[in-house]
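Before any comments, here is the structure.
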Amino acid sequence: MCGRFTLTTADELEERFGIISAYLPEQIETSFNIAPSQPVLSVIHDGKNKRMGHLRWGLIPRWAKDEKIGHKLMNARAETLAEKPSFKKPFQTQRCLIIADGFYEWKKRDGGKGKQPYRIHLKDEKYFAFAGLWEKWTPPTGEAVFSCTIITTEANELMNEIHHRMPVIINPKDEVAWLDPMQSNTNELQHLLRPYPAGDMQAYPVSSAVSSPKNNDPELIKPISI
DNA sequence: CCAGACGTTGTT
DNA sequence: GTCTGG
DNA sequence: CCAGACGTTGTT
DNA sequence: GTCTGG
């Protein structure tokens with residue numbers, strides 16, 4: 001679940017997320033099918049300002065010897081964030097938003113083999129933000145890598161028809177609280193990680209989740225740095 | 001104590 | 001780095 | 001998450 | 001079947 005999503009335009013992002021121009025990335029990548037290990041558009045709070053930039057999807061813990069562990073850490077269960085060694089510290093101080101306008105989920109076809117992909121988005125078709133955690137990893141040689149994971153929770157009534165888990169979409173009024181690095185009351189933070197209201201979402205089957213060319217130009221990656 | 005994992009999903 | 005299992 | 005590969009030797 | 005890359 002939560003293995004692919006979309007960000008198809010970059011219009012009015014700074015207004016929607018309240019980013020001042022000095023903290024915007026030089027370029028924003030858009031895609032119909034963003035996969036783990038690719039750069040994803042994110043917002044963090046550096047203690048003073050909100051900053052927008054790209055993070056690599058698949059969290060690499062600070063202590064990792066090999067970046068490959070990031071291939072496994074693209075999702076984090078909301079229920080256990082405070083306990084897991086890889087997520088504990090990021091949950092306390094390194095929370096982020098990951099910007100999207102849709103995501104995919106695959107429903108197993110009854111009886112037989114195969115899966116049917118569904119595209120899910122908000123009824124108003126607007127941007128939303130996944131709850132995420134970010135981390136900075138410095139390899140033995142070379143530049144630091146800024147990476148992130150997307151938090152999952154139980155499915156709401158809409159998603160439950162497709163799958164039993166779904167990514168956490170933060171209620172817009174809670175975005176500031178989620179990002180605030182000074183907020184360390186994990187009980188309150190945990191409360192923000194609930195299934196988004198089903199009535200505000202819609203889902204429909206699609207023929208394929210893969211529909212756009214990928215862009216692998218590493219020059220486009222502009223990691224957030226603090 | 002050291003050694004080894006550190007994650008989720010879904011499937012069995 | 002920190003936790004778990006042996 | 002899905003899609004796609006899954007291998008080596010030796011030659012250019 | 002299982003791993004890797006995107």
Side-chain angles (χ1 to χ4, degrees), chain A residues 1-7 29-41 54-94 98 100-121 130-140 144-145 147-156 159-169 186 193 195 203 205-221 223:
Chain A
M1 106 107 350
C2 196
R4 280 156 192 262
F5 64 92
T6 65
L7 178 63
E29 280 194 77
T30 59
S31 173
F32 286 94
N33 185 9
I34 300 168
S37 81
Q38 295 182 326
V40 295
L41 189 66
H54 292 95
L55 297 167
R56 176 170 153 168
W57 184 11
L59 188 142
I60 307 168
R62 304 189 77 80
W63 41 260
K65 293 189 180 71
D66 188 335
E67 63 183 291
K68 281 182 184 166
I69 192 172
H71 282 270
K72 299 179 184 174
L73 305 185
M74 63 275 276
N75 291 138
R77 290 177 65 91
E79 298 89 334
T80 55
L81 290 180
E83 304 156 21
K84 299 293 182 182
S86 300
F87 303 139
K88 194 173 181 175
K89 189 180 176 189
F91 183 38
Q92 288 167 19
T93 60
Q94 294 164 201
I98 293 142
D101 54 21
F103 64 94
Y104 294 105
E105 188 52 86
W106 283 258
K107 180 188 173 80
K108 277 196 305 172
R109 291 202 181 84
D110 291 335
K113 296 254 178 188
K115 295 172 181 179
Q116 172 64 55
Y118 285 74
R119 185 174 140 76
I120 299 100
H121 59 80
F130 296 124
L133 307 175
W134 66 269
E135 183 60 285
K136 176 184 181 179
W137 177 71
T138 307
V145 179
S147 61
C148 66
T149 189
I150 293 176
I151 298 168
T152 65
T153 186
E154 61 189 302
N156 63 22
M159 292 301 302
N160 207 35
E161 297 299 311
I162 305 168
H163 197 68
H164 66 109
R165 303 287 294 175
M166 66 182 282
V168 173
I169 296 171
T186 50
L193 304 176
V206 292
S207 56
S208 170
V210 182
S211 57
S212 80
K214 2 178 145 51
N215 190 336
N216 295 320
D217 183 351
E219 293 303 313
L220 288 175
I221 303 171

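Chain letters run A, B, ... following the sequence lines, proteins first, then strands; residues in each count from 1. Below, each value reflects all heavy atoms present in this structure, side chains not excepted, and no hydrogens, waters or symmetry copies.
- Within the structure, every side-chain polar atom (N or O) of A:Lys88 is placed at least 4.0 Å from both OP1 and OP2 of C:dT2.
- Within the 3.5 Å criterion, the main-chain N or O of A:Ala64 finds a donor-acceptor partner in the side chain of A:Trp137.
- The side chain of A:His71 lies closest to E:dG5, out of D:dC1, B:dG7, E:dG5.
- Here the separation of B:dG4 from D:dG10, taken at their P atoms, is 36 Å to the nearest Å.
- Atom CG in A:Asn75 sits about 16 Å away from atom C1' in B:dC6, given to the nearest Å.
- Atom CD1 in A:Ile151 sits roughly 17 Å away from atom C1' in B:dT9 (whole-Å rounding).
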inquiry  = Test side chain to side chain contact (heavy atoms under 4.5 Å, CB included) on A:Thr80 and A:Phe87; report intermediate values, then the result.
reply    = CA-CA 9 Å; A:Thr80 55; A:Phe87 303 139; over 6 Å; no

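- When heavy atoms are screened at a 4.0 angstrom cut-off, A:Ala64 is found touching no nucleic acid atom at all.
- Within 4.0 Å of A:Lys84, counting heavy atoms only, lie sugar-phosphate atoms of the nucleic acid but no base atom.
- Once rounded to the nearest 0.5 Å, the distance linking CD of A:Glu154 with CD of A:Glu79 reads 7.0 Å.
- Between A:Phe130 and A:Trp57, the distance from one ring center to the other does not fall under 6.0 angstrom.
- Comparing C:dG1, B:dT9, E:dG6 against the side chain of A:Ser37 picks out E:dG6 as the nearest.
- Distances shown here put a side-chain N or O of A:Ser86 below 4.0 Å from the OP1 or OP2 atom of B:dG7.
- Contact check, A:Thr80 against B:dT8: a side-chain N or O comes under 4.0 Å of OP1 or OP2.
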ask   = Run the side chain to side chain contact (heavy atoms under 4.5 Å, CB included) check on A:Arg77 and A:Arg165 step by step: do they pass?
value = CA-CA 9 Å; A:Arg77 290 177 65 91; A:Arg165 303 287 294 175; 3.6 Å; yes

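- Atoms CE (A:Met74) and C1' (D:dC1) sit 6 Å apart, rounded to a whole Å.
- If you check every strand for non-hydrogen atoms under 4.0 Å, A:Phe5 touches nothing.
- The distance from atom CD of A:Gln92 to atom C1' of C:dG1 is 13 Å, rounded to the nearest whole Å.
- Formation of a donor-acceptor pair under 3.5 Å by the A:Glu105 side chain with backbone atoms of A:Gly3 is not found in this model.
- Listed for the A:Thr149 side chain is a donor-acceptor partner under 3.5 Å among the backbone atoms of A:Met74.
- Rounded to whole Å, the separation between the P atoms of B:dT8 and E:dG5 comes to 23 Å.
- B:dT12 and D:dC1: their P atoms are spaced 14 Å apart (whole Å).
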task = Mind running side chain to side chain contact (heavy atoms under 4.5 Å, CB included) on A:Leu193 and A:Thr153 for me, showing each step along the way?
result = CA-CA 7 Å; A:Leu193 304 176; A:Thr153 186; 5.8 Å; no

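- Rounded to whole Å, atom P of D:dC2 lies 11 Å from atom CH2 of A:Trp57.
- Taking atom CD of residue A:Glu67 and atom P of nucleotide E:dG5, one finds them 10 Å apart after rounding to whole Å.
- Stacking between A:Trp63 and B:dC6 is present: the aromatic ring centre lies within less than 5.5 angstrom of the base six-membered ring centre, and the two planes differ by under 30 degrees.
- Side-chain atoms of A:Lys107 do not come within 3.5 Å of backbone N or O of A:Tyr118 as any donor-acceptor pair.
- Taking atom C1' in both B:dT9 and C:dT4, one finds a spacing of 23 Å when rounded to whole Å.
- Among the heavy atoms of the strands, none lies under 4.0 Å from A:Pro61.
- The distance between atom CD of A:Glu83 and atom P of C:dG1, rounded to the nearest whole Å, is 22 Å.
- Listed pair A:Arg165 / B:dT9 meets the phosphate criterion, a side-chain N or O lying under 4.0 Å from OP1 or OP2.
- Distances shown here put a side-chain N or O of A:Lys108 below 4.0 Å from the OP1 or OP2 atom of B:dT11.
- Consecutive Watson-Crick or G-U pairs involving DNA chain B, each under 3.5 Å on both distances, make up stems of three or more pairs at B:1-6 with C:1-6.
- Across the protein-nucleic acid pair, A:Trp137 atom CH2 and B:dC6 atom C1' stand 15 Å apart, rounded to whole Å.
- For A:Arg77, a side-chain nitrogen or oxygen approaches OP1 or OP2 of B:dT9 to under 4.0 Å.
- Distance from the side chain of A:Pro36 is smallest to D:dC1 among B:dT9, D:dC1, C:dC3.
- Rounded to whole Å, the separation between the P atoms of D:dA3 and B:dT11 comes to 14 Å.
- Of the candidate nucleotides B:dG7, B:dT11, E:dG6, E:dG6 has the atom nearest to the side chain of A:Arg4.
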